[in-house]
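Not measured: the values here are computed from a predicted model. Keep in mind that the numbers below use all heavy atoms, side chains included, and drop hydrogens, waters and symmetry copies.
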Amino acid sequence: IYELGVYTLLIQQIKAGRTKVSFNPQNYYQIYSDEGIRLKMPCYYKYFPKITSADQMIHSLEVILAGDTLYEIMKIAEHPKSAAELYWSSINEGKIHKAKKQLIEYYKRVEYANAHFTQKEMGWIDPRGQAFVLFGFPTDVLTEFDKVVWRYGMTATSYPFHVEFLKQDKSGIDHYIWIDPEDEARRFAVGLWRQGIIVNNRVIYNIQNEKEQRDRSRLSSNFRRPRF
C-alpha cells in the first residue's frame, strides 16, 4: 500500500499489440490492451479499500444518513471518531455491545463494497455498493442481458424481495443504475438500520415468513365453519 503521490508504472509488453494506460483525476487507473481492459487499479487513499480513519467512517454513513444529520452529529461530538461512535451508540439506546456489533458489520460491508464495486467512485458510493452495505449478501444473483437482480430471503414466496440494477457500458466500464423508482427498498433498509437492526437475509426472511403466516391465518379464519 502506497501513499498518494506520483509514481512510475512499468509495463512489460508480452505479446504484440497496443497498450494504453488511462488516468483520471479520481485516482482510478486502467490499463487497456487490444483485448480490452486488462487491469484496474483504484487507489483513493492510503490503505484503500480499508476504512482506517474517522473521516472515512463519518463520510460512508451517507448511505443511511442525510448530509444535514451528519452535520448535526459532527457539531455535537468533539472528534470525528467520537461522532461515529456516538451515532451507533444513540440508535442502539446506549447498549455498547449491540452498537459495536452493528458498527463492525456496517464498516465491514463498506470495505467489501470498496474492494468489489469500485469503478469511477469508491465502492460504497456505487449503486451496487450501497445496496450491499444496506442488505449484505443476497440469496442468489440473476443476470438477464443488461439487468442484474439480487434476490433476498425466500425466493418462493408471495412477498419476494429483490434489488435490480441496470447495466450500462460507459467508456469500457460497466456502470450500474439501481432500479428503485419509489426508493422503497432503500427506505425499508435505512429505516431498519436507524432502529439498530442489521439488515440481512435472515431479517428479510423473517419478515417474509411473518407475512406468509399472517396470510395463512387470515385465510384459515375466512374458511372457519360458523357455530350454530
For the hydrophobic clusters of this structure (ILVMFWY residues joined by side-chain heavy atoms under 4.5 Å, transitively), does one cluster hold both Val148 and Ile177?
no
Return the OG1 to CD1 distance between Thr118 and Ile125, rounded to the nearest 0.5 Å.
9.0 Å
Please indicate whether Lys50 has more than 12 foreign heavy atoms, meaning atoms of other residues, nucleotides or ligands, lying under 6.0 Å from its NZ.
no
Check: Ser53 side chain, Gln56 main-chain N or O, donor-acceptor pair, under 3.5 Å
yes
Less than 4.5 Å apart, side chain to side chain, heavy atoms only: is that true for Ile64 and Tyr87?
yes
Hits for ring-ring contact (aromatic ring centres under 6.0 Å, His included) against Tyr176, two or more places apart or cross-chain, chain-then-number order -> none
Using side-chain heavy atoms (C-beta onward) and a distance below 4.5 Å, is Tyr107 in contact with Val133?
no
Salt bridge (Lys or Arg N to Asp or Glu O under 4.0 Å) filter on Lys101, not counting sequence neighbours, yields none
Starting at CG of Leu103, measure out to CD1 of Ile96 and round the result to the nearest 0.5 Å.
12.5 Å
Please name all residues satisfying salt bridge (Lys or Arg N to Asp or Glu O under 4.0 Å) with Glu212, sequence neighbours left out, ordered by chain then number.
none
Heavy-atom closest contact (Val199 atom, Ala189 atom, distance):
CG2-O, 3.8 Å
What closest approach, in Å, do Val110 and Ser60 show between heavy atoms, and which atom pair accounts for it?
CG1-CB, 4.0 Å
Output the rest of the hydrophobic cluster of Val149: all Ile, Leu, Val, Met, Phe, Trp and Tyr residues reachable through side-chain heavy-atom contacts under 4.5 Å, sorted by chain and number.
Leu142
Just to verify, what does Asp146 make a salt bridge (Lys or Arg N to Asp or Glu O under 4.0 Å) with, not counting sequence neighbours?
none
Once side-chain contact (heavy atoms from CB on, under 4.5 Å) is applied, do any residues pair with Asn200, and if so which ones, sequence neighbours excluded?
Arg109, Ile198, Arg202, Val203
Looking at residues at least two apart in the chain, or sitting in another chain, which of them share a ring-ring contact (aromatic ring centres under 6.0 Å, His included) with His59?
Trp124
Of all the heavy-atom pairs spanning Leu65 and Arg194, show the shortest one and how long it is.
CA-NH2, 3.7 Å
How are the rings of Phe117 and Trp150 set relative to one another: parallel (under 30°), tilted (30 to 60°) or perpendicular (over 60°)?
tilted
Test question: given the 4.5 Å side-chain rule for I, L, V, M, F, W and Y, name all other residues clustered with Phe145, or answer none.
none
Are Trp178 and Arg186 close enough that some pair of their side-chain heavy atoms sits under 4.5 Å apart?
yes
Non-hydrogen atoms of Ala131 and Val163 that approach each other most closely
CB-CG1, 4.1 Å
Test item: Lys167 and Lys147 side chains (from C-beta on) under 4.5 Å apart, heavy atoms:
no
Report the residues that fulfil ring-ring contact (aromatic ring centres under 6.0 Å, His included) with Trp193, sequence neighbours left out, ordered by chain and then residue number.
Tyr106
Side chains of Leu134 and Phe188: does their closest heavy-atom pair fall under 4.5 Å?
no
Are side-chain heavy atoms of Trp88 and Leu61 found at a separation under 4.5 Å?
yes
Interatomic distance, Lys211 atom NZ to Ser158 atom OG [nearest 0.5 angstrom]:
11.0 Å
Do any N or O atoms from the side chain of Gln102 and from the backbone of Lys98 form a donor-acceptor pair under 3.5 angstrom?
no
Asp126 backbone acceptor or donor facing Glu121 side chain under 3.5 Å:
no
So do the side chains of His162 and Tyr152 get within less than 4.5 Å of each other, counting heavy atoms only?
no
Any chain of hydrophobic side-chain contacts (each under 4.5 Å) joining Phe161 to Met154?
no
Same apolar cluster: Ile179 and Phe135, side chain cutoff 4.5 Å
no
Residues that Phe132 engages under ring-ring contact (aromatic ring centres under 6.0 Å, His included), provided they are two or more places apart:
Tyr112, Phe137
With Asp180, which residues qualify under salt bridge (Lys or Arg N to Asp or Glu O under 4.0 Å), at least two apart?
none
Hphob cluster co-occupancy, Leu192 + Tyr159, side-chain heavy atoms under 4.5 angstrom
no
Mind listing the closest non-hydrogen atom pair of Val190 and Val63 along with its distance?
CG2-O, 3.9 Å
Sequence-distant partners of Gln213, side-chain contact (heavy atoms from CB on, under 4.5 Å), two or more places apart:
Asn209, Arg216
